[in-house]
Structures are given as structure tokens and as C-alpha cells.
> 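Structure incoming, see below.
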Amino acid sequence: MSWLLNLYETYEANLDRVGVMEKKHNEQEYTLLPISHTTQTAHIEVNITEDGQFHSATVIKEVTVIPCTEDAANRTSTKIAPYPLHDKLSYVAGDFVTYGGKIKKEEPFSYYIQQLKDWAESPYATKKVKSIYNYLSQKRLIKDLVDANVLYLDPNGHLIDKWDKKYESLYGSKPPIFSVISAGVESAFVRFNVYSPHTILTKVWNDSEMYDSFISYYKDLLKNNDEDFCYVTGKKLPVTDKHANKIRNAGDKAKLISANDTSGFTFRGRFDKSNEVATISYDVSQKAHNALKWLINRQGKIIDQRVFLVWGNDEINLPDPTEDTFAIHPMPLEKKERKSFTNQEFANEVAKALEGYKANLTTKSEVNILILDSATPGRLAVLYYRNMDRKLYLDRLIKWHSTCVWLHRYRKDEQKKTVQFYGAPATKDIAFAAYGPTANDKVVKGLMERIFPCIVDDKKIPLDIIRSAFYRASNPVAMENWEWEKTLSIACALINKQEGLNVALDTENNDRDYLFGRLLAIADVLERRALDSDETRATNAIRYMNAFSKHPARTWKIIQESIQPYQMRLGTRGLYLSKLIDEVASRIKFEDFNNKPLSGKYLLGFYSQRHALYQKSEKNTEPTNEVGGM
């Protein structure tokens, strides 16, 4: 229950955000919902005057905050359970049947209007509630919507449920209402607003007075609910067995807490009744679920319906462990710094970037990490939950971003220009490096879930992920050059998490695999320098890279023979590289110059040697006609 308690505390700490509309990057609005409220996509907006008369109506498609009862939140197609104010046309229109509307058994309007009447006549009612009730009790909504050219009738005077081309002779082109609804017109959701010609009134769905009115009214009704111990707070409060859905989005039917399966094995077999498992108060359930919805909209990451969420109890915004170092430290590093950085020095740089999150730490500063997903449309599960001290969390992030590091060249700045950054790759990029850019969302979300403990719990990266990235990086001819360069640097970062080396070339490293990697890089650079500036084909070193990783001694003989014409073409300009090949090869022990497959260290040696040679080329210390670099 700790995740529910932390969500409840998050809600209580952000009461000033309740009802305040915010926007995502795609301009979609969201808010921290008041308790006893939910969201629905409205299709028709009806404006009513203060004295309860129809004013106007328009076709829309907007997510709207609406008051909600427990029964309405859990209603099905066979159950009549009206929302208190805004609802589907078949519920709110008293003349729905008069105009040919089809109902299954009972007329939903009678239930809806009685519930609205109880609210409108309660001591908690506002003027707006009374105005809407006075209008809807006249039972003329369909007539007014037809007159306002929002709804349309067929020749028999019945509502047109679905548009057909045969109606074009009556009304011309397809009316807007049939473009915003997918089912029949009876499913069109109607929201109500109160209009005044004298003053500008707050929209009903954004009005805090309306929120408070229904919350107070509904709390009064809930006093009749059974009281029990709330397992989250430990207090005796009115409990509920009906919990919220729409957690990931407005159409999400999956629930985190559900016990309505009395014939199956949801709880039966170990318990006789669902409340023997756990009881949660209505207030806590509402606040915890609403906080979760708000956090997911605000900063959650959703991949194939799997939610990855990180938040703090006393500070909502925290660095996302799935992002790369560039997202935390977006300033490209200077070349002289990049070349000489050690892990400890870079850890200090990352720590500086995270200083703002470390400020004002208290003894209760905690971080919550939550992963959610659903196996079926109706059930949502907590796949991973971690509650940890915020300082420890930030220290783990610093360690990850200073140990799983390499030099990358695939990020773009605000001007869409490619920039270099030194650090850890994003978890999504690790997935594509390991399994290719065509990896589906199921594969990506699975890898991200497995990487999470490596970041926040300092676990070892699973070997199969490292191997997959290693094999792909060793096969450059199967990819375009930009994709291979990205895969190579990410694979180096994963391998370096174990090896702890630097991008700067280690000329004293006599490890067999590292030296073989250096040889391959020198051969690649030598041939590239001998080619014409407009030649883009892969060098022999790159073409044979996959075979080289498996049979280095045998393949090196082929590569060395292949580069001899280029050595001759370069002449004295290639003397330095030819000498370097001899110098590196002489470091490999006789007994180690064999066909034993290479480990990931050869990629580190290859990248570092190539990087060092290109750095030397940029400084013009060696004459060269090389273009492009890496």
C-alpha cells in the first residue's frame, strides 16, 4: 500500500493545482482532478441562460472534467448509472424517446433527472446547477438541438442515428456531429454551460465552486457508506470497493484495484469476501488515483501502454532515469575536456547539473519509481515499484551517467544540428541499439523495464542486452553509416560500464582484444585517407569487421593484404599509420595472436584509436586528405 500512500500524500501536497488546467507538449489539456470527478470527451456543448432557457449549442470534441459518482464510474452498457451533470444524449434528453431514440429496458432520463434534482435542491447547490436542472426538466433538449442545427431528423421526424448518403438530398454534406462520434448519435456526450449576457461566467467544467458543490453534496451521501479501517492511512473512514479507471488516458478501462469477480479466483479461494483482502477509504482512493492520472499526464512516459513514472513526494519534478546524459547536461563538452575526462571528473560534472534537485533536502525527501501495465483490458498491474531516499536516487543517477558512458554523436540541439555529448545513452536508444530500429514497442518497453534496476538499484546490465548491441555494432555493413555510428557508441557505453575505460586512447593498455581493435581502426583510417573525397564506400576494415570479431588473426591477414595498395598510394603520407600498425601489432603476444573471438573490449579499442587519429587529423599534425571524420 506504500505507493497508494505516497500518491495520496502527493495529492495533499498539491491541492493548489486541483482544477488548474495545464497543457502537454501536444497542447492537450489535463488537470489534477478534484475528488468525485473524472474526465469524458464531450461532443456537444449546450449553453443555458441563468433563468434556465436554451441559448445555443455547438459541436466539439474536448476532454471535459465532470462530476462522477461511484456507480457512474463503474457503469456498463447494461447498467443505468447516470453522471450527476454532463452525460450521454440518451441520459440527459427528456424527449429522446419522443424523437425515436432507442432504449433497452428503462428510460435513463428518469434516473438522471432525479439525481440532478436531488443535487439542485440540496443546500450545496449553486445557481448554475439550478439553471441546468430547470432547463433539462422541460424535456426539450432534442428539439432545441435540432433547431440549432446540431442534430438532424429523418423524413419520419426521428433522430438520424448514423449518417447515410441518402440524407444528402435533405441536408447536403455530412454534418459535423457525425464526424466527432464513432457510434450512434445517442452516444454523443453532452456538456452544459451557463451563459450570461451581463457578466463573464467561469465555464462549468472549470469552476471550482461547482467542484466544491458536488464534493460536499456527495460526501453527505457517502455518510451512509460502511466505515472500516483504511489500509492506506490506518484511519476508520467510509470505504469503497469501486475504484477509478481511465488511469493512462480517457479511454482506459483498466483498474489497479478491482474485486468484482465473485465467481473466479480474483480473491476467492483464500478469502470469502473482497473486503477481507483490504479496505480502502473513498477519499484516499479518489485522491491517490487522481494524483496518479495527473502525474502520468505531466511527466509519465508511456510505451505500448506501459507507464514509466518517477516523482518525488515533496518535489514532483525529478530527472528521468530513462533519459540520456544530454537531457540532464545539455551543453556539449569542449574537445579538450572530452578527451581528458575521467569517470570521477565527469561524475562531478553530472552532480553539478543535478545540484538543483539536491537543494533543500529534508529527512522525508523520497523518490517513487512506478511501472504499470495491463495484461487484459480491465486489469492494470504494478510491475515495478521502488521508494527510495532522494539523495540516494540522485547518487545512483550520477553513478549511472558517469560509468555507462561514451562519446555520442547522434543528438541534435535546438537548431537541429548534430552535437556531440559524453555520457550515458537513453534507455530507448539502448533498445534500438540492441534490437534494431524496427524493434516494436513490446520489445522496447521490456528492455526499459529490465534496465530500470540497473540505474536505480545499481544492478549489472543483463548480458544478453550487451551481447545484442555488441553483435550489431560488429556488423556495420548491415546498417546505414549513421545507424552504425550510433549503435557503436551505445555498445561501447554498455561495455564500458563493466570495463571502466575512457574515450581517450590508452596507449599503455596491452589487452589482446583492445589491441586488435586498435589495429582495425588504423586500417580503417589508412584506407579512408587514401580514397577520394567523394568516395563513400565502406573500407575493407569495416567490411570485414564482423568476421574480424570472430576470427581476428585470420581476418587481419586478409585486411592487411587489402590495404597494401592504399599504403602505396599514400606513400610517405601513410608512413605514420604504417608504423603505428607495426607498433600496435608488436604489443600482441605471440600466443595471443590467434582466432579466439574478441570481446567487447575490441570495440573500445577501435573507437578510441579511431577517435585519436581523427583528433590528430583535425589538428593537422599529419598531412591528410581525409574528409568527413566520424
> Got Trp311 and Leu309 here, is their nearest side-chain heavy-atom distance under 4.5 Å?
yes

> Working to the nearest 0.5 angstrom, can you tell me the gap between Thr31 OG1 and Leu33 CG?
6.5 Å

> Asn245 versus Asp252: any side-chain heavy-atom pair under 4.5 Å?
no

> Can you name the closest pair of heavy atoms from Arg472 and Ala433 and give their distance?
NH1-O, 2.9 Å

> Do the non-hydrogen side-chain atoms of Val180 and Thr41 ever get within less than 4.5 Å of each other?
no

> Please check this pair: side chain of Asp429 against backbone of Pro425, looking for a donor-acceptor N/O pair closer than 3.5 Å.
no

> Measure from NZ or CZ of Lys486 to the centre of the six-membered ring of Tyr410 and say whether it is under 6.0 Å with the direction within 45° of the ring axis.
yes

> Is Phe452 close to Thr427 at the side-chain level, that is, under 4.5 Å between some pair of heavy atoms?
no

> Under 3.5 Å, is there a donor on one side chain and an acceptor on the other for Asp320 and Gln299?
no

> Are the side chain of Lys497 and the backbone of Thr403 linked by a donor-acceptor contact shorter than 3.5 Å?
no

> Is the count of non-hydrogen atoms from other residues, nucleotides or ligands lying under 6.0 Å from Lys24 atom NZ greater than 12?
yes

> Looking only at the side chains, is there a donor atom on one of Asp513 and Ser599 sitting less than 3.5 Å from an acceptor on the other?
yes

> Are the aromatic rings of Phe593 and Phe516 close, with centres under 6.0 Å apart?
yes

> Mind checking whether Val525 and Arg610 have side chains closer than 4.5 Å, heavy atoms only?
yes

> Are side-chain heavy atoms of Lys293 and Leu32 found at a separation under 4.5 Å?
no

> Tell me yes or no: between the side chains of Asn387 and Ser2, is some donor less than 3.5 Å from an acceptor?
no

> Is a donor on one side and an acceptor on the other found under 3.5 Å between the side chain of Ser608 and the backbone of Val503?
yes

> Using only heavy-atom distances, determine whether the side chains of Asn14 and Arg17 contain a donor-acceptor pair under 3.5 Å.
no

> May I ask you to check whether Tyr385 and Asn368 show a side-chain donor-acceptor distance below 3.5 Å?
yes

> Would you say the side-chain atoms of Tyr566 and Thr539 include a donor-acceptor pair closer than 3.5 Å?
no

> Any side-chain donor paired with an acceptor under 3.5 Å for Asn510 and Arg587?
yes

> Do Trp406 and Tyr422 have their ring centres less than 6.0 Å from each other?
no

> Arg518 and Asn509: side-chain donor and acceptor closer than 3.5 Å?
no

> State the OH-NZ distance between Tyr393 and Lys391, to the nearest 0.5 angstrom.
15.0 Å

> Roughly how far, to the nearest 0.5 Å, is CG of Asn249 from CD of Gln305?
5.5 Å

> So how far is it from Glu366 CD to Glu9 CD, rounded to the nearest 0.5 Å?
8.0 Å

> Please find the pair of heavy atoms, one from Leu580 and one from Gln609, that lie closest to each other, and give the distance.
CD2-NE2, 3.8 Å

> Are Thr322 and Lys428 close enough that a side-chain donor and a side-chain acceptor fall under 3.5 Å?
no

